[in-house]
Protein chains: 2
Amino acid sequence: MGARKPTLRSVAEAAGVSTATVSYAFSRPDRVSAEARARVLTVAGELGYAGPDAKGRSLRTGRTGAVGVIFTTGLTYAFTDPYVTAMLAGLAEALEPSRTSLVFIPFGEVNAGMAPDEVRRSVDAVHRAMIDGAVADGLDDDHPAVRVLAERGIPLVRSNETAAGPSVVIDDRQAGRDVGRHLAGLGHRDIVALVATPHEPGRVVEVTGQTPLFPYSRLRLTGLRESLPADTRLRVISGGSNSALAGQVAARAVLHGSERPTAIAADSDVLAAAVAGVARERGLWLGAGLSLTGFDDQPVAAELGLTTVRQPVHRKGFLMGRMLVDPGAERGRITLPTELVVRRSTGPAPSVRLGE
Amino acid sequence: MGARKPTLRSVAEAAGVSTATVSYAFSRPDRVSAEARARVLTVAGELGYAGPDAKGRSLRTGRTGAVGVIFTTGLTYAFTDPYVTAMLAGLAEALEPSRTSLVFIPFGEVNAGMAPDEVRRSVDAVHRAMIDGAVADGLDDDHPAVRVLAERGIPLVRSNETAAGPSVVIDDRQAGRDVGRHLAGLGHRDIVALVATPHEPGRVVEVTGQTPLFPYSRLRLTGLRESLPADTRLRVISGGSNSALAGQVAARAVLHGSERPTAIAADSDVLAAAVAGVARERGLWLGAGLSLTGFDDQPVAAELGLTTVRQPVHRKGFLMGRMLVDPGAERGRITLPTELVVRRSTGPAPSVRLGE
DNA sequence: CGCATCGTGTTAATCGATTAACACGAGGGG
DNA sequence: CCCCTCGTGTTAATCGATTAACACGATGCG
């Protein structure tokens, strides 16, 4: 009745050997004789002992066989984001050979004015996560989650250029410039940049210097700005985190009346696709009445004929994984190439625009 | 220097208190005086102590704050499968409030004729996973991974009807019947069922009684078979695990020559979408020259006008998550409704078919 | 004033394993 | 015959925390 779960010790006693022998039988077969191992395994089977307990083992060895994944956005959104899933696929590919588990670590909102205890609660899952390393996307050095990992001594690979330490990045600023030059070259002088910001989608905000922004957005905006002629009007808005809904509400807000821009530069294909949908509702032709660019070059971009910046997302994830599990992998920062893919969603700016 | 990582003990010594006090300071603020807590936290900060070590803590408490996710398919595929990501989103939603992490556990191929040690190695990650519970999709009771979890005493929620124990399911057999009746009613007497099987996509196999099949496929096929008139020709094939590639190679293999069926019942919208692509290549009109059904009713189905079986995937994931984290949640089996959604991809069978 | 209660701190047992170091008998080589 | 090595088993220290039980002074109450 009161049968507790069998442990290494109970198996050892039942088999009449020391705990060391049982441990070796499971973890280092060459260290014990074949007979001893067979007996231990038999006894273990009879007792319903599944093998050394993961928690005890990992406390002793210091290893967990898992790496963490931290997203800036809630997990619910993350799995629906094609950029994220592509990166995850690459990451999973790198981890597969070593059968390393992948731990998705959620955390709550963190912002400047929060009390220390509140912040601590938000990143509680980061404290509790049992991992040998982690990858994070779009988290700055001063983000509490990054701080905690550093204190815990857990190796972290990131994919933002603003990161000190190991990272796999693209040149976001240059990519921003590429987009800007392309649009400027087509004559656009009234442009809206549509970015994702770390809040629930649905509320449209005008992005100012104070608005918290993902590091990559900041860099792309810098590139965009510095590539545009001085007489260009550039507004930056956001409808929240990267999602169709955010793109939709932002597009609805900006695509009407005399304030309508001639081009929208969206920070992801997901956002751009949503804008394309709203443009269709409004009877605007992409590449004519409205020019539109995306980012990432996900499959949806080709389907929509979307001008976008291609980046090797799968490879990014793969390399991040390698840096964690392969001690021989290169350290430091790896910069991957991007490429502006021009399709029919961008075209010359209307030469004369009539207010209404 | 030889500075090791600070522990609860070193903080206690530095602060001149007992380890209990330090532990309480971090985990049960109400158990210590405000001053003591402040001193401990200060000292911890100076020493760079991030808080109680996750491994030690979880060994002692027996809890991990994480639940596992086990897929029949490799993680690389999993993240690209819309059914999977929808389920994950639901699952993540259920776990969010308790900030529970999600652990993706990979495992290698397992099949009948493997040596015990080989099997053990394949499910090694299941042994090592530090989780309080797990969800699994499409794993039968006798699957090694399921066995290991049972021995380890880890609660498992599954989504297959063949599962003993807690599960959130749909009536796959009934769904199969619905599809069969629909096609039979349209006059189809030569049907190919296209299913996913647990092997790398690319190789097309004719499914026989011996072929290893996912539990849900088996049930749907049973339903399909029993709803078809006796004079119906039914072939079952697979191009491997659920993916566009598998659907494509299977469709290519079956959609040519005089052996061409009048209808294809695919086991997922992903497979069906791939078939639709091949049909287009071959100049076959869906709903006329070829009838096609899918499964799941993912967004792609509406886009393609695909007749399919709708199931509440997000809700499935959500409920599975609740059953794990919420002690008050209902136990046992929850059956969710399905609905045959008829669109234009199915139509009357061609009354006369010419061989070539 | 005596006693119960409360707040706050400490002691020490415990969670379940890994592995360096050692012991000991058998076999091999000189 | 002695010594060395090899194979195999054991001993015991250790990983880093949690928490029941207890101790003790201060406070409240009758």
Side-chain angles (χ1 to χ4, degrees), chain A residues 4-41 43-44 47-65 124 127-132 151-154, chain B residues 4-41 43-44 47-65 124 127-132 151-154:
Chain A
R4 304 175 33 128
K5 257 188 25 191
T7 68
L8 196 63
R9 172 135 74 192
S10 54
V11 173
E13 279 164 7
V17 296
S18 69
T19 60
T21 301
V22 178
S23 177
Y24 288 138
F26 278 100
S27 312
R28 300 242 315 246
D30 54 314
R31 189 61 180 68
V32 294
S33 67
E35 307 90 69
R37 174 153 197 262
R39 189 162 76 250
V40 168
L41 259 35
V43 172
L47 265 53
Y49 179 71
D53 177 84
K55 306 199 247 320
R57 187 214 279 257
S58 94
L59 170 59
R60 183 60 244 234
T61 63
R63 336 216 65 257
T64 64
D124 188 39
H127 279 104
R128 289 188 327 233
M130 278 163 301
I131 50 179
D132 297 329
E151 272 195 329
R152 290 188 56 190
I154 293 176
Chain B
R4 304 176 31 130
K5 255 189 23 191
T7 69
L8 197 64
R9 173 134 74 192
S10 54
V11 173
E13 279 164 8
V17 297
S18 70
T19 60
T21 300
V22 178
S23 176
Y24 287 140
F26 279 99
S27 313
R28 301 242 313 247
D30 53 315
R31 189 62 181 68
V32 295
S33 67
E35 307 90 70
R37 173 151 198 262
R39 187 161 78 250
V40 168
L41 260 33
V43 171
L47 264 53
Y49 179 72
D53 177 82
K55 305 196 254 305
R57 186 215 279 257
S58 95
L59 170 60
R60 182 59 242 234
T61 62
R63 335 215 68 258
T64 63
D124 189 38
H127 279 103
R128 289 188 327 234
M130 278 163 301
I131 51 181
D132 297 328
E151 272 194 329
R152 289 187 57 189
I154 293 176

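Letters A, B, ... are given to chains in the order of the sequence lines, protein chains preceding strands, and every chain is numbered from 1.
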From the set dA17(D), dG16(C), dT19(C), return the single nucleotide nearest to any side-chain atom of Asp53(A).
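Nearest to the side-chain atoms of Asp53(A), counting from C-beta on, is dG16(C).
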Nucleotide nearest Thr7(A) when distance is taken to its side chain, options dT11(D), dG9(D), dG16(C):
dG16(C)
Starting from the 5' end of DNA chain D, give me the residue, Ser23(B) or Gly16(A), whose nearest nucleotide shows up first.
Gly16(A)
To the nearest Å, how far apart are [X] [atom1] and [N] [atom2]?
X         : N       : atom1 : atom2 : result
His127(A) : dT18(D) : NE2   : P     : 12 Å
Lys55(B)  : dT14(C) : NZ    : C1'   : 20 Å
Leu59(A)  : dG16(C) : CG    : P     : 12 Å
Glu35(B)  : dT8(C)  : CD    : C1'   : 10 Å
Glu13(A)  : dA17(C) : CD    : P     : 12 Å
Arg31(B)  : dA23(D) : CZ    : C1'   : 12 Å
Phe26(A)  : dT18(C) : CZ    : P     : 10 Å
Tyr24(A)  : dT18(C) : OH    : P     : 10 Å

Nearest-nucleotide 5' precedence on DNA chain C, Ala34(B) against Gly51(A):
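It is Ala34(B), whose closest nucleotide lies nearer the 5' terminus.
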How is [X] classified with respect to the nucleic acid when contacts are heavy atoms under 4.0 Å: base, sugar-phosphate, or nothing?
X        : answer
Thr21(B) : base
Ser27(B) : sugar-phosphate
Ala54(A) : nothing
Ser18(B) : base
Arg28(B) : nothing

Between Tyr24(A) and Asp30(A), is the side-chain contact (heavy atoms from CB on, under 4.5 Å) condition met? List the steps.
CA-CA 8 Å; Tyr24(A) 288 138; Asp30(A) 54 314; over 6 Å; no
Distance criterion of 3.5 Å, no angle test: do you see the side chain of Arg60(A) paired donor-to-acceptor with the base of dT14(D)?
yes
dG16(C) base / Arg9(A) side chain donor-acceptor hit below 3.5 Å
no
Rounding to 0.5 Å, atoms CZ (Arg60(B)) and CG (Asp53(B)) come to a distance of 15.0 Å
Under-4.0 Å side-chain N/O to phosphate OP1/OP2 contact, Ser33(A) with dG9(D)
yes
Would you call Arg128(A) and Asp124(A) a salt bridge, taking side-chain N to carboxylate O under 4.0 Å as the test?
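Salt bridge between Arg128(A) and Asp124(A), a charged N being under 4.0 Å from a carboxylate O: yes.
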Side chains of Val17(B) and Val22(B) in contact at under 4.5 Å (non-hydrogen atoms)
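The answer is yes; the side chains approach within 4.5 Å.
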Taking Arg37(A) for its side chain and Val32(A) for its backbone only, find out whether a donor-acceptor pair lies under 3.5 Å.
no
